[in-house]
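Contents: one structure, followed by commentary.
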Amino acid sequence: MRTDLPQAIYRKDYTAPSFLVDTVDIGFDLDPITTRVATRLTMTRNPDSVNQNIVLNGEALELVQLRMNGKLLTKRGYTLQGGILQIPDAPDQVVLEIETLTHPEKNTSLMGLYVSNGNFFTQCEAEGFRKITFFPDRPDVMAKYTVMLRADKKKYPVLLSNGNLVEQGDLGDGRHYAKWEDPFKKPSYLFALVAAKLVCQEETYQLKSGRKVLLQVWVEKGNLDKTQHAMESLKHSIRWDEERFGLELDLDRFMIVAVGDFNMGAMENKGLNIFNTKFVLANPRIATDVDYANIESVVGHEYFHNWTGNRVTCRDWFQLSLKEGLTVFRDQEFSADMVGTASGRAVKRIEDVRLLRQVQFAEDAGPMAHPVRPDSYVEINNFYTVTIYEKGAEVVRMVQTLVGRDGFRKGMDLYFARHDGQAVECDDFRAAMADANRRNLKQFERWYSQAGTPQVKAETSYDPLAKTFEITLSQTCAATPGQAKKLPFHIPVAVGLLDAEGKDLVLHCDDGASAGVAGTLVLELTKAKQTFRFTQVNEQPVPSLLRDFSAPVVLEYDYSDAELALLLAHDSDPFNRWEASQRLAMRRLVKLTDAARNNEQLTLDPMFIDALRGVLMDDTLDPAFRELVLTLPSEAMVAEQFSVVDSQAIHAARQFMRGMVAQGLRTELLNAYETNLTPDAYSPDAEASGKRGLKNLALSYLLEWADESTCQLALAQFDTAHNMTDRQAALSALLNAESKAATKAASKSLKRFYKDFKNEPLVIDKWFMLQGMAHATDVAAMRALMTHPAFTLKNPNRARSLIFSFCNANPARFHAADGSGYAFWAEQVIALNAINPQVAARLVRSLDRWRKYAPKAQELMLLALQKVANSKKLSKDVQEVVSKSLAA
Ligand code: B3K
Ligand code: ZN
C-alpha cells in the first residue's frame, strides 16, 4: 500500500521571487483543439532574492519557443524539470518571449484554459496560470497585463478579459480580435479570459462619488431572464462597500460571467468575475429562497475581494485566509445588513454558525485539521477549506468584537493605507488592527497558528450574602496532526445574566471585561483558567454565555432543563435563544441514540415538546427564527457528540424525535402551515422566505405521519406551487416520508419534475440531489440513478448533486453495515480522479473521519481507502487527502 506523501511545501521555506515581472503582454489564438499562447514579459531582477535564476512554472504545456532579450534560447540555455523552467545567467533586465500550445477541449480539470459547452473560460487560482504559459506563478509577483484575444467571430462573438477594452476589430479571415488592458497590477491567479457566444444584461451605475460604471452579467442566450437578481446583488454590494468600509469600485467596468462547468462557486478575477451558473441564474421558477440568498452572498463575496484579495493580496498561499477569512466575514456582514432587522441578523448568524459547527469543527477534529494559516501543504487546492474560509471569518469577527465596530473600521483603513498594491501576510492584517486601536493582539496570533477547536468549560457560583456571581472559564484544545501541545487562546466570551423572569441584569464586572451590546459584557479569556466576578447581583442569575457565538469554541456548561427553557423563552440574545433549543434537543438525541443502539424503548418527555410549542406559537418571533428553533440538530451534528459513531442509531433517534414532535404538535404545525402561506407574487425577501421556510418545515413534520390527508397536502403544494422553493420542499417531504401513499406520490412527482425541468440543468441538479439524500436511496438505487442519461461525472455540479449528496448527506445509507457505500465511494473517487482531481479530492473527505466508527465499519472503510491509495495515476490532490486520512 502506498501511503507516502508527495513533496510538501512549507511556510518556513518562503523565499522572495528571483525576478519581478513589470508587464505581461499575452496573446491568444483561441482554438478548442490547440490554442497558441504568445507571451512577452518584462522582468527585473529582485535585489531581495538569493536565487540567481529566472524561475518559471509551467504545467501541461508544449513549449514552442523561448527568447530572452531577442535571442532564441536553445535547450542548453535553460532547464525544464518537474514543471519548473529555470534560466541561469540572466541579465538584471530581461524581456522574455514565450510561445506555448495548450489543448483546452481536452482539459477536464477545469484549471487553466478550458472549454465548457463550446465556450472558452479560464480558472487560474491557485496555480492555473501555469497551465496557460510559463510564468512565476505565485501571488507575490504582481504585474500589469495587456491581453490580445483572437478567435472565430461566429463561434465566439464575445471576447472578454480583465480591465478595459481598448481595441477590437476584424482579422479578415472570419476571425476577430479584442485587446484588453488592466490598469492595476495583479498576481497571475487573477488573470481571466472568456471567449464565448453569450449575451448580457447591462446597466450603468452611479457610484457615490458620482462616477459612472458599466455593470454586466453575461450568460447563455436562454438564461437572460435569470440575471436580474445577480445584477441587483452586485449593485447592493457596490453600495454596501462604499458605505460600510469607504471602498469604491476602482474600474470603469465590472463583469460577471456564468459558466456551467466550474470547480467551485465563483472566482474574483479582476473586473471579470467568473461564476458557477448556480450562483448567478435565478428566477422564481428555477431557484429557491436559499439559492437567492446564496447568489446575493457569493456576488457580494467576489465583489468584496476586489479590495480584500485583489488590491491587497497574499504573499504566498499559506496566507490564503488573509483574503478568504476577511472576505467571508465581509460577505456575512453584507448579507446581515441587507436583511436589516435584529432578528434577521440573528437568523443569518445562526445559519453561519450551524455550517461552522457541522463542517469546520468536524474538520478540526479530523486528520485534515490545519491552522487558519497552515504550515505546509502538498496541493494548495486541498486547502480551500472551511477552516480557511469559515473559521478564518470567525477569527476576523473576534477582532471586531475585541476592538469594536468603529475600531475595526479604523483597522481596515490602516490596512489599506499601508498595504494597497502589496502582497502581504496574515500578520500584517493583525498588526494594522492592533496599531489602529492600540491593542495588544500578540496572543491572538494563536488563532492563526494553532489548529483545533478550543473547549471552554464554564463553572459558576453565586454568593447571596456578598451578592457576587463568579464565572470561572477554563480552556483546553485537543491535539491535532503535527500539533500535540496548544497554548491558551485569546477568547472573547460575551455574557449576559438573566433574572428569574428572564430579563437582563445590569452588569458590573472589573475583571477585564469590555462592554458589548446592552446587557452584555465581553470577558477576555487569555489564560488556561480565569475567574470573572460580577458584583451587585441581587439574585441567583442564569448565565447567557458566548452570546452571538462570540468565539469559535465548544462551550460546556451544566445547564438544567429549566434554565435552558428560560433562555429559550426570554434571552435578549436571539442566538442564545436558539442555542438553548439546540442544547435541549441535543441532550435528548444523545440519549435516544444510546437507547436505539441498545435496542431499548425510545421515549421523549413532554417538556421538550412544550418548549417547542411555545416558540412555534409565539407570533412575535419571525417565522425564520421559529423555523431554526424547530429544526433538530442534523445527524452529522449528533455524530460529533460521540467518540464512536453509529449512523443507524443516530438516524433512528432523530427520526423518532421528529415523529414525536410531529405527533405532539400536529394541530400547531397545521396551523403554522396555513398561516404562513405566501400566495402573492414571489419575492425572495426575508419575510416571505421566512414564512415559506416555516411552512415547509411544518409540512415535512406533518409528513412524518404520511396518511392520505398529509400526502394530499404535499401533492397539492407540489402541483400548484408558483415557485421552486415550495415545489422542491413538497417533493422533498414526499420523498422522505414513509408510507405507501407517500412513495406513490413521490415517484409520480419525481417524474413530473423531471419532465417539467429537463431543460434547466440547475433544476435537474436538484432532482438528483433530492434523490441522493433520500433515505430510501441505497447504493443500488444510486447506481441506477447514475445510468440516467442526464447524469455525468464530468460536470462538477452534477457529480456533487448526486454523489456528494449521498456520501455527505445520507449517512444512514452511506454507512450501510455491508460497506456497499464505501465500495461505491472508492469507485467514484477513482473515476473522478481521472477527470477532475480537485473534485475527486473533495469526495475523499467523506471518509476522512473513518476512525470515528465501530471496528467493523473501520475495516470496511480502510479497505475502500486502500483501494483508492493503491489505484494508478493518482493526482497529488487525491494522494494528499488519502494519505493524511490513513496516517495515524
Ligand atoms: N478565490 C476563489 C476560490 C478559488 C479556489 C481554487 N481552488 C473563490 C473565492 O473564494 O472567492
Ligand atoms: Zn473568496
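Whatever order the structure lists ligands and atoms in, that order sets their numbers, starting from 1. Below, all heavy atoms of this structure are taken into account, side chains as well, without hydrogens, waters or symmetry copies.
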Does some side-chain heavy atom of [Y] sit less than 4.5 Å from a side-chain heavy atom of [X]?
{"X": "Asp420", "Y": "Tyr415", "answer": "no"}
{"X": "Val312", "Y": "Phe429", "answer": "no"}
{"X": "Asn276", "Y": "Met264", "answer": "no"}
{"X": "His301", "Y": "Glu324", "answer": "yes"}
{"X": "Phe254", "Y": "Leu272", "answer": "no"}

Answer yes or no for Glu302: is there an N/O/S atom below the 2.8 Å cut-off from the Zn ion (ligand 2)?
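Given the 2.8 Å cut-off, Glu302 does not count as a ligand of the Zn ion (ligand 2).
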
Rounded distance (nearest 0.5 Å) linking atom OG of Ser335 with atom CZ of Arg330:
12.5 Å

Opening angle between NE2 in His301 and OE1 in Glu324, taken at the Zn ion (ligand 2), to 10 degrees:
110°

Could you tell me how the ring of Phe121 sits relative to the ring of Tyr114: parallel (under 30°), tilted (30 to 60°) or perpendicular (over 60°)?
tilted

Need the list: ligand 1 N/O atoms against protein N/O atoms, distance under 3.5 Å, rounded to one decimal.
from     : atom 1 : to     : atom 2 : distance (Å)
ligand 1 : 1 (N)  : Glu125 : OE1    : 2.5
ligand 1 : 1 (N)  : Glu268 : OE1    : 2.8
ligand 1 : 1 (N)  : Glu268 : OE2    : 3.4
ligand 1 : 1 (N)  : Lys323 : NZ     : 3.4
ligand 1 : 1 (N)  : Glu324 : OE2    : 3.1
ligand 1 : 7 (N)  : Asn381 : OD1    : 2.8
ligand 1 : 7 (N)  : Gln838 : OE1    : 3.4
ligand 1 : 10 (O) : His301 : NE2    : 3.4
ligand 1 : 10 (O) : Glu324 : OE1    : 2.9
ligand 1 : 10 (O) : Glu324 : OE2    : 3.0
ligand 1 : 10 (O) : Tyr389 : OH     : 2.5
ligand 1 : 11 (O) : Glu268 : OE1    : 3.3
ligand 1 : 11 (O) : His301 : NE2    : 3.1
ligand 1 : 11 (O) : Glu302 : OE1    : 2.7
ligand 1 : 11 (O) : Glu302 : OE2    : 2.9
ligand 1 : 11 (O) : His305 : NE2    : 3.2

